[in-house]
Colleague: 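Mind looking over this structure? Questions follow.
Just so you know, ligand 1 is whichever comes first in the structure, and atom 1 is the first atom listed for that ligand. When reading the values below, keep in mind they use all heavy atoms of this one structure, side chains included, and skip hydrogens, waters and symmetry mates.
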Amino acid sequence: MAQIIDGKKVAEEIRVELKIKVSKLIQSGKQVPGLVTILVGDNPASQSYVNSKSKACSEIGMLSKIEKHTEDFSEEALLKLVNSYNENKDYHGILVQLPLPKHINEQKIIEAIDPAKDVDGFHPVSVGNLVIGKNTFYPCTPYGVVELLLRYNIPTEGKHVVVVGRSNIVGKPVANMLLQKKKGANAVVTVCHSAAEDLTQFTKSADILIAAIGKAHFIKADMIKEGAVIIDVGINRVEDQASKKGYRLVGDVDFAEVEKKASFITPVPGGVGPMTIAMLLKNTFEAYSRINSGL
Ligand SMILES: NC(=O)c1ccc[n+]([C@@H]2O[C@H](COP(=O)([O-])OP(=O)(O)OC[C@H]3O[C@@H](n4cnc5c(N)ncnc54)[C@H](OP(=O)(O)O)[C@@H]3O)[C@@H](O)[C@H]2O)c1
């Protein structure tokens with residue numbers, strides 16, 4: 001049976017570490033890191049994400065603000081708002097919650113964020129720096145994946161990592177992070193996607209398999225190698241009449257059968273999911289430190 005990688009526990013450890021750092025700033029009368037989260041429209045999932053991010057910030061003593069705007073907020077107004085926070089000295093991180101309403105060009109907004117405050121790591125400057133191995137802000141979910149591997153002492157050097165999924169928010173960044181020639185990375189990375197002719201041929205050769213597909217229970221036991229490390233990024237709703245909500249959340253991996261064959265596995269929920277907000281807090285603290293040290 002695989003050892004469970006407990007993302008909830010690791011995320012809590014990170015929050016405690018950051019809380020101690022923030023307390024020290026408060027004790028010495030210094031400014032604390034600040035995060036502004038901008039939400040446009042009334043998408044219930046986005047509202048819930050934004051509230052969780054803001055609450056997590058406040059809980060560790062960081063300054064947190066939610067900028068809520070109605071669905072008809074214009075692109076021009078949003079650009080102005082982002083620019084005002086680029087200049088604002090109280091906020092070191094700016095996060096624009098995606099997706100944005102259709103009339104707003106998401107890429108234009110992402111590119112308006114000062115890269116020094118890009119705690120989501122989606123700005124092309126951050127992406128470029130990641131690829132060439134320069135100091136940058138890593139997107140929070142991939143950053144969480146790499147941090148889990150590190151904290152569980154799972155070696156990556158020389159290992160074959162297979163990433164299933166090539167999105168800009170998960171697949172591509174996690175592949176690029178693990179490819180870097182440095183500690184906690186230096187893996188041989190293969191990236192698969194929906195056009196793969198024989199996906200199992202790749203997944204079966206993975207020492208570490210990262211599933212970021214968005215399809216419930218897609219990875220089965222016969223698709224993995226005995227003893228592989230399985231990181232499940234997927235979050236999918238499946239109908240469940242026994243649950244009050246009528247659904248439950250499952251990953252991209254068929255946990256029940258894969259855990260019997262893997263050496264380590266992340267559960268869903270409680271694996272990669274909780275790491276995302278923890279890494280956002282870490283990025284916000286990092287943005288504060290860089291801005292204050294003039295980097
Ligand atoms: N905080 C978190 O834990 C967190 C954060 C972000 C996302 N997620 C979850 O992670 C999952 C992936 O998210 P995403 O945003 O990366 O999704 P996405 O943008 O939809 O990308 C899915 C990727 O999977 C690939 N794919 C789909 N079907 C496939 C198949 N049959 N064989 C091989 N590859 C296939 C797609 O290939 P093509 O490129 O060819 O279409 C695509 O590259 C979702 O369940 C999402 O909810 C979780």
Colleague: Inspect the contact between Lys220 and Asp254 and indicate whether a charged nitrogen and a carboxylate oxygen are less than 4.0 angstrom apart.
Modeller: yes

Colleague: If the threshold is 4.0 Å, N to carboxylate O, is there a salt bridge linking Arg151 and Glu147?
Modeller: yes

Colleague: When you measure from atom 43 (O) of ligand 1 to every protein heavy atom, which one gives the shortest distance, and what is it?
Modeller: Arg166 N, 2.8 Å

Colleague: Just going by heavy-atom distances, which of Cys192, Gly165, Pro139, Cys140 is nearest to atom 25 (C) of ligand 1?
Modeller: Gly165

Colleague: Tell me which one of Thr141, Val233, Val272 gets a heavy atom nearest to atom 10 (O) of ligand 1.
Modeller: Val233

Colleague: Which atoms of ligand 1 sit under 4.0 Å from any heavy atom of Gly273?
Modeller: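 So the answer, numbered in order with elements, is 3 (O).
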
Colleague: If the threshold is 4.0 Å, N to carboxylate O, is there a salt bridge linking Glu12 and Arg15?
Modeller: yes

Colleague: Taking Glu76 first and then Lys80, would you say they form a salt bridge - that is, a charged N and a carboxylate O separated by under 4.0 Å?
Modeller: no

Colleague: Quick check on contacts: which atoms of ligand 1 are under 4.0 angstrom from a heavy atom of Phe218?
Modeller: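 In order of number, 30 (C), 31 (N), 32 (N).
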
Colleague: Please identify which atoms of ligand 1 are closer than 4.0 Å to at least one heavy atom of Gly234.
Modeller: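 Here the atoms of ligand 1 in question are 9 (C), 10 (O), 11 (C), 45 (O).
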
Colleague: Taking only non-hydrogen atoms of Ala196, do any sit less than 4.0 angstrom from ligand 1?
Modeller: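 It does not; every heavy atom stays at 4.0 Å or beyond.
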
Colleague: Answer yes or no: is there an ion pair linking Lys159 with Asp207, defined by an N-O contact shorter than 4.0 Å?
Modeller: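 No, no charged N to carboxylate O under 4.0 Å.
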
Colleague: What part of Lys215 sits under 4.0 Å from ligand 1 if we count only heavy atoms: the side chain, the backbone, both or neither?
Modeller: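 The answer is the side chain.
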
Colleague: Hey, which atoms in ligand 1 end up nearer than 4.0 Å to a heavy atom of Asn236?
Modeller: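 Those of ligand 1 that fall under 4.0 Å from Asn236 are 45 (O).
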
Colleague: Which residue owns the protein heavy atom closest to atom 27 (C) of ligand 1, what's the atom, and how far is it?
Modeller: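 It is Ile213 CG2, 3.6 Å.
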
Colleague: Please write down residue, atom name and distance for the protein heavy atom closest to atom 40 (O) of ligand 1.
Modeller: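 Ranking protein heavy atoms by distance from atom 40 (O) of ligand 1, first comes Ser194 OG, 2.6 Å.
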
Colleague: Students should be able to answer this: which protein heavy-atom is nearest to atom 19 (O) of ligand 1, and at what distance?
Modeller: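 The closest one turns out to be Ser167 CB, 3.3 Å.
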
Colleague: Could Lys65 and Glu67 be called an ion pair, given the rule that one side-chain N must be under 4.0 Å from one carboxylate O?
Modeller: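 Salt bridge between Lys65 and Glu67, a charged N being under 4.0 Å from a carboxylate O: yes.
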
Colleague: Of the backbone atoms (N, CA, C, O) and the side-chain heavy atoms from C-beta on, which set of Thr276 has a member under 4.0 Å from an atom of ligand 1: side chain, backbone, both, or neither?
Modeller: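 It is the side chain that gets close, since no backbone atom is under 4.0 Å.
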
Colleague: Only heavy atoms of Gly214, strictly under 4.0 Å: list the atoms of ligand 1 that pass.
Modeller: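 Numbered from 1, ligand 1 contributes 11 (C), 12 (C), 44 (C), 45 (O).
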
Colleague: Would Ile231 and Val253 count as a side-chain contact (heavy atoms from CB on, under 4.5 Å) if you check the C-alpha gap in whole Å, the side-chain angles of each, and the deciding distance to 0.1 Å?
Modeller: CA-CA 9 Å; Ile231 306 291; Val253 174; over 6 Å; no

Colleague: Where does the angle between the aromatic ring planes of Phe285 and Tyr288 fall among parallel (under 30°), tilted (30 to 60°) and perpendicular (over 60°)?
Modeller: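 Ring orientation, 0 to 90° scale: tilted.
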
Colleague: Taking Glu17 first and then Lys24, would you say they form a salt bridge - that is, a charged N and a carboxylate O separated by under 4.0 Å?
Modeller: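 Here Glu17 does not pair with Lys24 in a salt bridge, since their nearest N and O are not under 4.0 Å apart.
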
Colleague: Taking only heavy atoms of Val164 into account, list the atoms of ligand 1 that are under 4.0 Å away from them.
Modeller: 33 (C), 34 (N)

Colleague: Going by the closest heavy atom to atom 3 (O) of ligand 1, which one wins out of Ile235, Ile169, Val145, Val170?
Modeller: Ile235

Colleague: Consider side chain to side chain contact (heavy atoms under 4.5 Å, CB included). Of Val36, Leu39, Ile38, which one does Val96 pass it with?
Modeller: Ile38

